[in-house]
Amino acid sequence: MAAPKPFSRLISHVILDLDGTLLNTDSVVSKVVKPFLVKNGKTWDSKKAHKLVGKTPYEAAAVVLEDYGLPYSTEEFLSMINPMFSEQWCNIKPLPGANRLIKHLRSNGVPTALASNSPRSNIEAKICCHQGWKESFSAIVGGDEVEKGKPSPDIFSEAAKRMNTAPSNCLVIEDSLPGVTAGKAAGMYVIAVPSVPKKTAEFSTADEVINSLLDVRPENWGLPPFNDWIEGTLPIEPWFIGGPVIKGFGRGSKVLGIPTANLPAENFSDVVSEHTSGVYFGWAGLSTRGVYKMVMSIGWNPYFDNTEKTVEPWLLHDFGEDFYDEELRLAIVGYIRPEANFPSLESLIERIHEDGRIAEKALDLPMYAKYKDSPYLRNPLQQGSTTDGSQAELNSK
């Protein structure tokens, strides 16, 4: 991710986008639009979803109608689809790091606004489903409250006005290119958190580009830093996945010298889509062997340019043999870093081993070590002593 550009003054106010930045709205869009298209004899194409990012509801509706050749006016389409969306607002989950960022800004007294292309009523309906969100914002601006939505600067200019501050005091955090364009046009600093994978190069006008909200470093902008990083790791709400070990790309052992235990991503694609790409760590339970430390990558592995999002765990133990088809269960308890590209294979391998050393040490901390006894890892796994081990890794990035 791109490092922040030097800035001449300290930031005092923050303005956040909502859909795609704080909330995983994309998952609800597919749930609503996909069955609507089926009823109209069309098939949802996930590759076209990026065309809706950053659009106003009216603009997004027009794109769908054109792309799929639906026989409705924009107004007719919205009248049919809006009630379906309204039923889903409280099913939209916060993106990784969203709750943490909002709580941090509020607890440190940083005035924060919410500025979205969505109508104000939709914004209110979405955020009321998340405890503490509404009262965390000094101002809320919807797309129907200004003359023009993003990429026009109107929304952000209005947010600054309502907070009684100059645009140059404001830091915008946005996931879409129209949002970044709007923030810069308003005379503000902008952090881009692209919601569409592998599109980082398109956000060169942003002052900083990061992988996810987990990677926000407020101190880079003169704001109070987070104090929850521990020995190079960030504790996260644990999540659990599992399945039979399958053969992967063959590059773990052959190319990197680091054997990985690949899982069938289609078994838990919905869960993986909720979590940002990057390097994580935790505990791994094998059905016939025991529980081991592990570090893992989630994402597209930029060095190898994967076409699909994968999960590739490295069990930190030298097994001496393959264990294909064995049931592997993972408890993911912490985050290390975003995925990244590397100038050489050697630098990639070096960083993978560093990730392993960080995970190895961190998992001895009580806050992480307690999860090695998770029932999910041991039941119906055979009971056995937890093993630390040393060699076996992940195809990190």
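Residues: numbered from 1 along the sequence shown.
No donor-acceptor pair closer than 3.5 Å links the side chain of N169 to the backbone N or O of T165. Under the 3.5 Å distance criterion, the side-chain polar atoms of T112 are matched with a main-chain donor or acceptor of V110. Within the 3.5 Å criterion, the main-chain N or O of L365 finds no donor-acceptor partner in the side chain of K370. The closest donor-acceptor contact from the side chain of R120 to the backbone of I140 lies under 3.5 Å. Judged purely by atom type and a 3.5 angstrom limit, R329 has no side-chain atom pairing as donor or acceptor with the backbone of F240. D154 places a side-chain N or O within 3.5 Å of a backbone atom of K148 that can act as its donor or acceptor partner. With N108 contributing its side chain and H104 its backbone, the two residues share a donor-acceptor pair below 3.5 Å.
Residues M296 and L214 share a single hydrophobic cluster, defined by chaining ILVMFWY side chains whose heavy atoms lie under 4.5 Å apart. Put simply, L213 and F137 are part of the same group of oily side chains (I, L, V, M, F, W, Y) that touch within less than 4.5 Å, one to the next.
In E326, the CD atom is crowded: over 12 heavy atoms of neighbouring residues, nucleotides or ligands sit closer than 6.0 Å. Other residues, nucleotides and ligands contribute over 12 non-hydrogen atoms within 6.0 Å of the CD atom of E135. Heavy-atom contacts from other residues, nucleotides or ligands closer than 6.0 Å to CD of E75 number more than 12. The environment of CD in E76 is crowded: more than 12 heavy-atom neighbours from other residues, nucleotides or ligands sit within 6.0 Å.
Put simply, NE2 on H275 and CD1 on I236 are 7.0 Å apart, with the number rounded to the nearest 0.5 Å. Atom CD of residue E147 and atom CD1 of residue I155 lie 12.0 Å apart, to the nearest 0.5 angstrom. Going from atom CG of L18 over to atom OG1 of T25 covers 6.0 Å, rounded to the nearest 0.5 Å. Between the CG atom in L101 and the CG atom in L16 there is a gap of 5.5 Å [rounded to 0.5 Å]. For the atom pair D19 CG and N117 CG, the distance stands at 9.0 Å (nearest 0.5 Å). Between the CH2 atom of W89 and the CD1 atom of I127 there is a distance of 13.0 Å, given to the nearest 0.5 Å.
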Could you walk me through whether T21 and L95 pass the side-chain contact (heavy atoms from CB on, under 4.5 Å) test, one step at a time?
-> CA-CA 7 Å; T21 300; L95 284 161; 5.7 Å; no
Mind running side-chain contact (heavy atoms from CB on, under 4.5 Å) on Y280 and S297 for me, showing each step along the way?
-> CA-CA 6 Å; Y280 297 79; S297 69; over 6 Å; no
List the steps, then state whether side-chain contact (heavy atoms from CB on, under 4.5 Å) holds for C170 with I11.
-> CA-CA 6 Å; C170 297; I11 294 297; over 6 Å; no
Evaluate the side-chain contact (heavy atoms from CB on, under 4.5 Å) criterion for residues H317 and M294: first the C-alpha distance (whole Å), next the side-chain angles of each, then the deciding distance (0.1 Å), finally the verdict.
-> CA-CA 8 Å; H317 177 76; M294 72 88 189; over 6 Å; no
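Under the salt bridge (Lys or Arg N to Asp or Glu O under 4.0 Å) criterion, D144 pairs with no residue at all, not counting sequence neighbours. Not counting sequence neighbours, the partners of Y371 by the side-chain contact (heavy atoms from CB on, under 4.5 Å) test are P238, W283, V333. Residues satisfying the salt bridge (Lys or Arg N to Asp or Glu O under 4.0 Å) test with K161, not counting sequence neighbours, are none. Listed by chain and number, the residues in a salt bridge (Lys or Arg N to Asp or Glu O under 4.0 Å) with R106 amount to none (sequence neighbours excluded). A search for salt bridge (Lys or Arg N to Asp or Glu O under 4.0 Å) contacts involving R162 returns E145, E158, not counting sequence neighbours.
Under the 4.5 Å side-chain criterion, counting only non-hydrogen atoms from C-beta, I15 is not in contact with I173. At a threshold of 4.5 Å between non-hydrogen side-chain atoms, the residues L65 and P71 do not count as touching. Within the 4.5 Å cutoff, side-chain heavy atoms of L315 are placed close to those of L328.
Nearest approach of G334 to Y368, heavy atoms of both residues: CA-CE2, 4.3 Å. Closest approach of A359 and F281 over heavy atoms only: CB-CB, 3.6 Å.
Ring-plane geometry between W221 and Y189 is classed as tilted, the angle between the planes lying from 30 to 60 degrees on a 0 to 90 degree scale.
Aromatic rings from Y58 and F77 are positioned such that their centres are separated by 6.0 Å or more.
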Name every donor-acceptor pair, under 3.5 Å, that has one atom in a side chain of residues 33-42 and the other anywhere in the protein, sequence neighbours excluded.
from: N40; atom 1: OD1; to: Y72; atom 2: OH; distance (Å): 2.5
from: N40; atom 1: ND2; to: F36; atom 2: O; distance (Å): 2.9
from: K42; atom 1: NZ; to: Y68; atom 2: O; distance (Å): 3.3

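Using a 3.5 Å distance cut-off with no hydrogens or angles, the side chains of S277 and N211 do pair a donor with an acceptor.
The pair R357-E360 does not meet the salt-bridge criterion, since no charged nitrogen lies less than 4.0 angstrom from a carboxylate oxygen. Ion pairing between a basic and an acidic side chain is recognised when a charged N comes within 4.0 Å of a carboxylate O; E124 and K126 show no such pairing.
R217 forms no cation-pi arrangement with F226, by the criterion of a distance under 6.0 Å to the ring centre and an angle within 45° of the ring axis.
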